[in-house]
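Below is one structure, written out as structure tokens; the observations come after it.
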Number of protein chains: 2
Amino acid sequence: MDVARRAGVSQKTVSRVLNDEPYVSAEVRQRVLAAAAELGYRLNTAARALASGRTGSIGVVTLGTALYGPVTMLMSIERAARDAGYALRVVNTVEGDPDGITAAVNSLVEQGVDGVVVSEPIDEGAFSFRPDVPVLVLGMPAAFFAPPAVTVPGHAAQAARSATEHLLELGHLTVHHVAGPARWYAAGDRLRGWRAALAAHGRPEPPVIEGDWSAASGRAAGRRLAADPGVTAVFAANDEMAVGVIRALVEAGRPVPAEVSVVGFDDIPLAAYLNPPLTTVRQSFDAVAREGLAHLLRAIEGPDAAPPPAGDPPVELVVRGSTAPPPA
Amino acid sequence: MDVARRAGVSQKTVSRVLNDEPYVSAEVRQRVLAAAAELGYRLNTAARALASGRTGSIGVVTLGTALYGPVTMLMSIERAARDAGYALRVVNTVEGDPDGITAAVNSLVEQGVDGVVVSEPIDEGAFSFRPDVPVLVLGMPAAFFAPPAVTVPGHAAQAARSATEHLLELGHLTVHHVAGPARWYAAGDRLRGWRAALAAHGRPEPPVIEGDWSAASGRAAGRRLAADPGVTAVFAANDEMAVGVIRALVEAGRPVPAEVSVVGFDDIPLAAYLNPPLTTVRQSFDAVAREGLAHLLRAIEGPDAAPPPAGDPPVELVVRGSTAPPPA
DNA sequence: TTGAAAGCGCTAACAG
DNA sequence: CTGTTAGCGCTTTCAA
């Protein structure tokens with residue numbers, strides 16, 4: 001309004017300039033920009049959202065923990081969203097809250113977002129809501145939701161399989177698995193990959209020990225594993241648990257990797273600096289976030305939006321010092 | 001509007017009910033609530049923000065990394081904000097961006113927030129902006145900003161001092177320090193604490209090695225330290241660097257803690273499970289976030305808001321296996 | 001205790 | 001290329 005007067009144009013023209021719309025003469029554009037700068041003018045997001053129906057922000061549902069995987073995914077989503085011109089709203093799901101994800105998505109929709117990303121999906125039975133914006137669920141088997149939901153599968157199963165095969169190729173007769181909580185889809189993926197590798201090689205499948213992603217739970221699992229002299233190789237569903245397993249093994253006098261090999265999952269930044277350096281699987285959170293967001297933006301903006309990047313996100317086994325052939 | 005018609009009341013009355021305002025009869029309240037529920041009605045945040053001038057959300061400027069400290073602080077802020085009824089907007093500062101914090105704060109203000117929290121302040125010279133909302137700067141010496149900024153100092157210096165003293169009391173003649181980047185206030189705090197401990201005990205102050213918070217930089221520092229046979233004790237400004245230091249020491253054939261003691265800072269969840277378990281300093285991010293947010297809310301809502309919790313946030317030295325007396 | 005009227009600051013749709 | 005006219009869905013102010 002003030003800017004319009006000062007630049008001697010209509011309010012709508014100011015709007016056009018500030019939104020980079022076409023059909024504004026260069027001269028007028030300059031004049032408006034100058035006036036806006038002088039007045040320290042800022043577009044009011046609330047008014048824009050009210051008038052346009054779009055908020056320019058997307059919401060993320062994430063875990064309220066410092067675990068590497070979820071946190072890195074959040075950071076990657078932030079970057080991808082910002083690059084696409086969207087602001088981010090974040091809601092943590094609280095541990096133990098029964099319908100945490102549903103509630104979190106709802107709160108985001110109420111806050112006003114153009115789309116929602118569910119970063120670490122947990123099986124809560126059915127998602128009992130009909131959000132009126134697109135929802136992207138990361139790391140989920142497709143076709144689990146009706147639109148407007150969109151899913152991006154993730155490649156953890158395949159990666160888990162190659163981690164297990166690495167151990168098998170080293171000469172281990174079988175591989176034990178310390179899984180994540182059963183309700184986490186991410187845990188299921190890894191479990192499936194491990195199982196597939198064992199089956200493909202005709203190896204016996206030892207009972208699964210379930211952890212909660214934490215190093216403490218890894219250590220508890222490791223204690224049970226250490227008591228069984230038949231255990232020579234362990235695949236943990238994330239690096240934190242792998243660290244706990246190694247700790248328990250070492251405490252029990254079973255050196256890693258001399259007696260028992262351990263591989264983790266995620267490649268936390270510390271992995272290369274541990275004693276021993278941790279063999280693990282690295283996945284590109286950035287790639288997954290970027291691909292997922294591209295899908296989400298299509299659902300929001302329509303088919304004119306940039307098409308999602310093609311190609312598999314890189315997943316790679318990083319062999320370091322925590323794996324070796326089994327003792328003779 | 002629809003809800004109003006359905007409940008047979010005015011729009012304003014609906015507004016009153018939905019905002020828990022007084023002066024609504026219980027009977028009408030019920031009727032409105034029922035109508036809203038049947039219609040699946042949701043308050044529109046944008047409209048409310050436009051009309052009331054308040055957005056009900058606060059913005060956080062944080063680092064785009066998976067480092068434990070910043071991430072945990074972010075999670076704590078999310079919790080504290082949600083408990084206070086505020087939604088969260090998040091912007092990461094990009095590494096290397098010269099005026100990263102200023103730009104991030106501006107973008108938050110443009111997005112529309114009632115207040116801003118700067119979680120990991122870096123010295124960027126002067127903050128060259130006059131945001132029109134209160135800004136809370138965590139971990140900063142007070143009185144660095146004019147209002148509407150408010151700062152919460154943090155107790156890292158004192159904690160760093162006790163970490164250093166722990167080493168001195170173990171019998172080490174002096175303590176070497178691997179610092180964080182000089183521009184980070186958090187790094188400065190720890191440096192000061194270390195220095196104070198040395199001075200108080202009349203010990204020589206060895207040259208500081210500066211890292212970048214990462215394990216890789218810690219390892220580089222550790223290599224230099226390992227080359228000096230006089231080094232028997234190291235205090236690293238965070239746990240990630242401490243892990244790198246230990247790695248380098250071990251690689252150089254200087255076992256920890258037999259030959260060299262190392263203490264970290266932050267108490268990452270993995271600290272207790274490392275080889276050796278890491279002696280470190282634990283600080284309560286939750287307490288700092290909660291106190292800081294209380295200050296911020298006062299600045300936003302006026303002096304009627306809940307007063308900030310009193311008392312020092314707990315900071316404690318956790319002694320584990322990476323420290324021991326110097327070799328004889 | 002309730003309601004009516006008047007915007008908040010922007011964009012959509014349509015004219016010029 | 002530019003302007004006019006209506007709202008978007010709330011809250012505010014004032015009156016009943």
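Residue numbers begin at 1 in each chain, while the letters A, B, ... track the order of the sequences.
Taking B:Ala156 as the reference, B:Asp189, B:Arg190, B:Phe265 meet the side-chain contact (heavy atoms from CB on, under 4.5 Å) condition, with sequence neighbours excluded. Scored by the side-chain contact (heavy atoms from CB on, under 4.5 Å) test, A:Glu38 finds A:Arg6, A:Ala34 as partners (sequence neighbours excluded). For A:Ala51, there are no side-chain contact (heavy atoms from CB on, under 4.5 Å) partners at least two apart in sequence or on another chain. For B:Thr55, the side-chain contact (heavy atoms from CB on, under 4.5 Å) partners are B:Ala49, B:Ser57, B:Asp114, not counting sequence neighbours.
Atom CZ in A:Arg54 sits about 22 Å away from atom P in C:dG9, given to the nearest Å. Between the P atom of D:dG9 and the CZ atom of A:Arg48 lies a distance of 18 Å, rounded to the nearest Å. Atom C1' of nucleotide C:dG9 and atom CG of A:Leu43 are separated by 9 Å, given to the nearest angstrom.
Among residue pairs with one or both ends in residues 58-74 of chain B, none qualify as side-chain hydrogen bond (donor to acceptor under 3.5 Å, both in side chains); sequence neighbours excluded.
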query = What string of B, S and - do you get for nucleotides 2-8 of chain D, 5' to 3', when a contact is any protein heavy atom under 4.0 Å?
reply = BBB--BB
